[in-house]
Novice: 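Sharing a structure below in C-alpha cells format, with a few things to ask.
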Amino acid sequence: MLAVCAHPDDESFGLGAVLGALSDRGATTRVLCFTHGEASTLGETGRPLDEVRAEELSAAAVFLGVDEVTLLDYPDGHLEEVPLEELAQKVNEAVGPAEILLVFDEGGITGHPDHCAATAAALLAARRDELPVLAWAVPERVASVLNAEFGTSFLGRGDSEVDLVVTVDRGRQRQAIACHVSQSTDNPVLWRRLELLGSTESLRWLRLPVGVAEAREHVPPASPDSDGGES
C-alpha cells in the first residue's frame, strides 16, 4: 500500500491506525508526503520547522512499520496551486509495487486545500495505473461532536457512505503521534477525535478494486415490492 498525504503527521494523526494495522498483518506500506509542513502555526521549535517535521516523519514511520518514506518539497499551504498533473505524476513515480493507494477522504477531512489536492492527485494517478483507492473517513457522529466542541470543520460520513469499518489497536499510532512533538503537544482536537473513535476506523472506496467493481455492477436491483427489511 502507498499512502499519499500532504503533510508530515497526516500519516500518523489520520492514517496511523490503518497503517499500523496493515503493518501488523505483514503488509508492505510506504508513504508519499508532498510538503514539509513548514507553514504550521503549531510547535515553535527554535529550528527551521521544515527540518524538524521531516525528522518527526522519519521517526514516526518507524513506529508505524512503514517501509519507505518519500518526502517532497512542495510549498505547505499552496499545494492546490501546483498543477494536478504534476502532483499525479509524482504519485505515479512513487507507486512501484503498490497494489492500492490510501488517502484522506474527499473534502480533505476538514476541508484543508492541501489534503484535497493530495487526494485528487492520488485519484488521477490511480486511474492511469488502474489502482484502487481507499480513503480514511471520519464518521458523522464524531465530526458533529468535534465541530460542536471546537468549532472545527470536519466533514463526516454517514453509515451508508462508509464501506469498511475496521477494528484497530492504536498502540502504533500513539507512538507515532508522540514523534510529532511540534504538532501534537498542544492539540486537543486530535486527542478528542481519537477518544471518540475508540477502537475503530472508517474507510471508503474512492476507486474500487476491479473484482469489487465488477461484483457491484452485477448486483440485481431491489424488487419494487421489497419492504427493505433485512433477511
Novice: I would like to know whether Glu161 and Arg204 meet salt bridge (charged side-chain N to carboxylate O under 4.0 Å, His left out); could you show each step before the answer?
Specialist: CA-CA 7 Å; Glu161 299 175 283; Arg204 303 177 64 231; 5.0 Å; no
Novice: Going by distance alone, is a donor N or O of one side chain under 3.5 Å from an acceptor N or O of the other, for Gln173 and Ser12?
Specialist: no
Novice: Using 4.0 Å as the upper bound for N to carboxylate O, is an ion pair formed by Glu38 and Arg53?
Specialist: no
Novice: For a 4.5 angstrom cut-off between non-hydrogen side-chain atoms, does Val166 reach Thr200?
Specialist: no
Novice: Please check if atom CD in Glu93 has more than 12 non-hydrogen atoms from other residues, nucleotides or ligands closer than 6.0 Å.
Specialist: yes
Novice: Taking transitive links into account, so neighbours of neighbours count too, which hydrophobic residues share a cluster with Leu101 at under 4.5 Å side-chain distance?
Specialist: Leu2, Val4, Leu32, Phe34, Leu72, Tyr74, Leu79, Val82, Leu87, Val91, Val95, Val103, Leu123, Leu131, Val133, Leu206
Novice: Atom CG of Leu164 and atom CD of Glu201: how far apart are they, to the nearest 0.5 Å?
Specialist: 12.0 Å
Novice: Asp67 side chain to Arg30 main-chain N or O, any donor-acceptor pair under 3.5 Å?
Specialist: no
Novice: Using a 6.0 Å cut-off, check whether atom CD of Glu81 has over 12 heavy atoms from anything other than its own residue.
Specialist: yes
Novice: Taking the side chain as everything from C-beta on, heavy atoms only, tell me whether Ile109 gets closer than 4.5 Å to Leu155.
Specialist: no
Novice: Report the residues that fulfil side-chain hydrogen bond (donor to acceptor under 3.5 Å, both in side chains) with Arg141, sequence neighbours left out, ordered by chain and then residue number.
Specialist: none
Novice: Got a salt bridge between Arg128 and Glu85, using NZ or NE/NH1/NH2 to carboxylate O under 4.0 Å?
Specialist: yes
Novice: Can you see whether Thr119 engages Glu106 through a side-chain donor-acceptor pair at a distance of less than 3.5 angstrom?
Specialist: no
Novice: How long is the gap from CG on Leu19 to CZ on Phe63, to the nearest 0.5 Å?
Specialist: 15.0 Å
Novice: Determine yes or no for a side-chain-to-main-chain donor-acceptor pair under 3.5 angstrom, with Thr152 supplying the side chain and Leu146 the backbone.
Specialist: yes
Novice: Indicate yes or no for a side-chain donor-acceptor contact from Arg25 to the backbone of Gly20 under 3.5 Å, with no hydrogens or angles considered.
Specialist: no
Novice: Do His7 and His112 have ring centres separated by under 6.0 Å?
Specialist: yes
Novice: With no hydrogens and no angle check, just 3.5 Å: does a side-chain donor-acceptor pair link Glu11 and His180?
Specialist: yes
